[in-house]
Amino acid sequence: MAEEKELRYDPSVIEPKWQQRWAADPKLYAAEPAGSGKPKYYVLEMLPYPSGQLHMGHVRNYAIGDALARQMWMRGYNVLHPMGWDAFGLPAENAAIKNNTPPREWTLANIAAMKRQFNRLGMGFDWATEVTTCLPDYYRWNQWFFLRMYERGLVYRKKSKVNWCPECCTVLANEQVIDGRCWRHEDTIVEQRDLEQWFFRITSYAQELLDGLDKLDGWPEKVRTMQRNWIGRSEGTEVDFFLAESAVNAQNDDCSPRTIPAGRRIRVFTTRVDTIFGATSIQLAPEHPLVIDLAGKDAGLRTQVAQLLDEQKKAREAGDVGAIEKHGVPTGHFAINPFNGERIPIWVANYILADYGTGAIMSVPGHDARDFEFATKYAIPIRRVIAPATPPANAEESELPFLTEDGILVNSGEFDSLTCEAAQKRLAQIAKEKGFGEATVTFRIKDWGVSRQRYWGTPIPMIHCKTDGVVPVPDDQLPVILPEQIEITQQGGSPLARVSEFVNVTCPKCGQPARRETDTMDTFVDSSWYFYRYTDAKNSKAPFDSATIKHWFPIDQYIGGVEHAILHLIYSRFWTRVMRDLGLITNDEPVTRLFTQGMVIKDGFKMSKNRGNVVSPDDMIARYGADATRTYALFAAPPDRDLDWQEDGVAGVSRFLGRVYRIVMKHAATARSASGAPSQPPAGTSLRLLRKLHQTIAKITHDFEGRWHFNTCIAAIMELVNELTAADAQLESGEVPAPAVRELLTNLVLLLAPFAPYLAAELWEELGGQAAPFRAPWPKSDPGLAKEDEIEIPVQVNGKLVNVVRVPAGSASEVIQAAALADEKVKSRIAGKTIAKVIVVPGKTVNLVVR
RNA sequence: GCGAAAGUGGCGGAAUUGGCAGACGCACCAGACUUAGGAUCUGGCGGGGUAACCCAUGAGGGUUCGAGUCCCUCCUUUCGCACCA
């Protein structure tokens, strides 16, 4: 009885013991240098924001990466598996305001707490390469890159309309605005403000970022589609319509008629220049610069335009631009179609966006659904200029409203009978020759606004001088250190602007007093290149060593949530290309394979504090241990699907680990006593168990490497353990010889090692194993042993299952057929009927077709 | 509206190329052991039927000797895009 008690699986004893031993061995999870001869494998999970608490989504993310890293070590790879902290950002500032704690202190304390959690979970990270983005030894390189990009014209400063989150009290990049709301505050509507801001010229790489997606076949199609949509390439033509001379509605301040000079132009962007003969109006965005001129002193028109703008803004804020009811007002002015000299009215409309294309369109109601809706509403003429290439049998179908498909030009003067494609080329060419337009490519993606009016971020290394304008901080003055003892409030712009020691500098050019830039960089700058720094985290001379990068990059496997599909993941791809063009690296893409894991759900909803359905990892570890918590996170669902957290399931996994513990502990002495190979080929129970073992190894190896179905891997280990448990008496009695026991138990432990490293380490030691189990070679399945000598073949009659017959493995069709026909149940089923056809699929099935 | 993914017991999920639907786990039921415990072990567990059998993978069609798997139509859920000219 006392002995039975000792066999109780107690993770609260085992896990801290190994955690201590591993902590004393800093080389345990370290990558080997480049020349080790092993193939390299860089596995990376997205680094966490140091909020102070890991949540279950983290546990899942890192359990996946850690299982992969351990298995790759076992398969003989030189694995780089680092971790760091995305440590700049607003929560630290908000906490500072709330608790009067300096952001740095708050952040570093959180990092320490989360590092403890990581270590308690037994995550195999190489902490020697840890990266903390809020420390000067990291962010100085953000500044260094900023300066290099400035030198190349990839950084510029511009006053423009920018997104402002009133909750964050700072500007946001377009990528950080989702359906008109802040990415961090989904209830907060983002405002537009006119501000002077720093931008990264990501649009210079728009085409390359788009083209690169085609080659990223290791990325989920979903993410690639999202990035394609975001980049939003559109091929078309820009055409100038000439303003017709007109005094209508235009008055000067003294109420005298105001004449807009003929010859001024309105440039429109269209993807369907072939329909230009069907243009019956020009539509301007309410914010189009020409609108003010056209309105002149016409107060009524100005009010109406203001209203249109307001409608557009409201629709944007509602995140529902598609549903806006189209409104417009005629300006009373006219434009001349450069191709046919036709005079068409100029309108202002609420559905035209100022920030796409040229902010002006030619409206072709005959061949565009939106234009048709608008023209119908305001009785603007609708004209057909494209006819179907093959006229429909039913004439009705060729009637308006409109044909948006390609066809043949009609009512288009000299261009009649051209195909749409040919007409587009021809018209663009003519426009170019005559100087009133050209073929262009438009992108939806905008330059990346990186200025943030907040404190806890990388200072932008620029100085404003009255004489010399904007002057970069010289390299030898880097890093520009973020001052620490400062007062933080959310009001009144950048907190740094109130720190006179920081602001007041001398101009590096003229030596006169100057003002330092007080905005900080977007935190997405930090995460755009952090994974390069891991390879050389202590380098104080450069951001990294280029030769080392060449060895480790691109990242073989990146794992994280899909929520970064267009934020972090597009910025990183941009940054990689910038570094390549700076001559620092040679790879075009940072990541070969991307995996986006599903969310962790509880009671049908994503875990969230608001909903009160959060499960704390610490709690789970305290109750069931880290191994059970991690293993459950991998067992409950395939990693790409959402995971429904059920605590009873964790208890079930914990019971399973207990069974593993007991069966191995009970027979460990027998296994240790084994010397050499078994004297005879296995038979009876030994054969059955060894066969199951080698089948299990084959299955797990396949599911792990090919499909990442960790749930079926773990289920297979459970099956093996169930068989071992059922054969407990035979193991005990010596019916299964010691070498077989050793083979069974050591391999079981090795198979378990990627999922439950603590238990594996404990049992490995008990079995007399050297080093750590996750540094031992991954088990190899012996196909001879795995092979069954008899298999079951289902027999169907007319497609219905009747019985199962046993035949020797590899039996020929005739043998299988004979066995099927000899079966009593089958016989009785086909009695009195004629066999019309027999289908035998060797190794699979027999189907008898009878009448 | 367009595009993608998904829909299997009471629950999470298996089913590798079209070949025994429900592996594995949870929950539940029965039993064993017992110094009573959130322990361990054994058996049962899709529905109907005493049984032989019959029915069953969102619904309906189809292809096939054979369909959860392939094709068509529809329904539901999730995600992405959506006046982008």
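Letters A, B, ... are given to chains in the order of the sequence lines, protein chains preceding strands, and every chain is numbered from 1. These numbers come from a predicted model, not from an experiment.
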Phosphate OP1/OP2 of [N]: any [X] side-chain N/O under 4.0 Å:
X	N	answer
A:R662	B:C41	yes
A:S234	B:A85	yes
A:N847	B:G19	no
A:R8	B:G38	no
A:K844	B:C65	no
A:N722	B:A23	no
A:R659	B:C24	no
A:R444	B:A82	yes
A:R641	B:A5	no

Measuring only the [atom1] atom in each nucleotide, how far is [N] from [M]? A whole number of Å is fine.
N	M	atom1	result
B:G68	B:G58	P	10 Å
B:C79	B:C71	P	25 Å
B:A5	B:G10	C1'	26 Å
B:A59	B:C75	P	15 Å
B:G13	B:A21	P	23 Å
B:G12	B:A27	C1'	11 Å
B:G19	B:C53	P	25 Å
B:G9	B:G48	P	15 Å

Contact class for [X] (heavy atom, under 4.0 Å): base, sugar-phosphate, or nothing?
X	answer
A:V849	sugar-phosphate
A:Y624	base
A:G652	sugar-phosphate

Among [options], which nucleotide has an atom closest to any side-chain atom of [X]?
X	options	value
A:Q796	B:C20, B:G19, B:A14	B:G19
A:A637	B:G25, B:G13, B:U16	B:G13
A:T270	B:U16, B:A85, B:C65	B:A85
A:M718	B:C24, B:A85, B:C81	B:C24
A:E792	B:C20, B:C83, B:A23	B:C20
A:K699	B:U16, B:C20, B:G25	B:U16
A:A636	B:A14, B:G12, B:G38	B:G12
A:L801	B:G80, B:C20, B:A85	B:C20
A:T725	B:G19, B:A85, B:C41	B:C41
A:P638	B:A85, B:A14, B:C24	B:A14

(message) When you measure only distances, ignoring hydrogens and angles, does the side chain of A:E373 come within 3.5 Å of the base of B:C83 through a donor and an acceptor?
(response) no

(message) Should the side chain of A:Y632 and the base of B:G12 be counted as holding a donor-acceptor pair, with the cut-off at 3.5 Å?
(response) no

Can you check the [X] [atom1] to [N] [atom2] distance for me, whole Å?
X	N	atom1	atom2	answer
A:K326	B:A85	NZ	C1'	11 Å
A:F269	B:A85	CZ	C1'	7 Å
A:R707	B:G13	CZ	C1'	13 Å
A:D703	B:G13	CG	P	17 Å
A:R829	B:A52	CZ	C1'	9 Å
A:K222	B:A5	NZ	C1'	8 Å
A:Q312	B:A82	CD	P	15 Å
A:D179	B:C79	CG	P	11 Å

Taking side chain to side chain contact (heavy atoms under 4.5 Å, CB included) as the definition, give me every residue that meets it alongside [X], ordered by chain and number, with sequence neighbours left out.
X	answer
A:E221	A:R224, A:T225, A:R228
A:E235	A:R233, A:V441
A:Q796	A:T845, A:N847
A:P345	A:S281, A:F334, A:W347

(message) Taking A:D368 first and then A:R272, would you say they form a salt bridge - that is, a charged N and a carboxylate O separated by under 4.0 Å?
(response) no

(message) Whether A:K313 and A:E287 form a salt bridge (side-chain N of Lys/Arg under 4.0 Å from carboxylate O of Asp/Glu) is what I want to check.
(response) no

(message) Go nucleotide by nucleotide along RNA chain B from the 5' end; which of A:H709 and A:A715 gets its closest nucleotide reached first?
(response) A:H709

(request) Map A:L643 and A:A360 onto RNA chain B by nearest heavy atom, then report which one ends up closer to the 5' terminus. (result) A:L643

Tell me which donor-acceptor pairs under 3.5 Å the side chains of residues 826-837 of chain A have, and how far apart each pair is, sequence neighbours excluded?
residue, atom, partner, partner atom, Å
A:S828, OG, A:K825, O, 3.0

(request) Tell me the stems RNA chain B sits in, counting at least three consecutive Watson-Crick or G-U wobble pairs, each under 3.5 Å on both distances. (result) B:1-7 with B:75-81, B:10-12 with B:24-26, B:28-32 with B:40-44, B:46-48 with B:53-55, B:58-62 with B:70-74

(request) Name the orientation class of the two ring planes belonging to A:F436 and A:F339 (parallel below 30°, tilted from 30 to 60°, perpendicular beyond 60°). (result) perpendicular

(message) Using 30° and 60° as the class boundaries, would you call the ring planes of A:Y661 and A:Y9 parallel, tilted or perpendicular?
(response) tilted

(message) Using O4'-C1'-N9-C4 for purines and O4'-C1'-N1-C2 for pyrimidines, with syn meaning within 90° of 0, is B:G9 syn or anti?
(response) syn

(request) State whether the side chain of A:Q312 and the backbone N or O of A:N350 hold a donor-acceptor pair below 3.5 Å, judged by distance alone. (result) yes

(request) Working to the nearest 0.5 Å, report the span between CG of A:L759 and CD1 of A:I14. (result) 6.0 Å

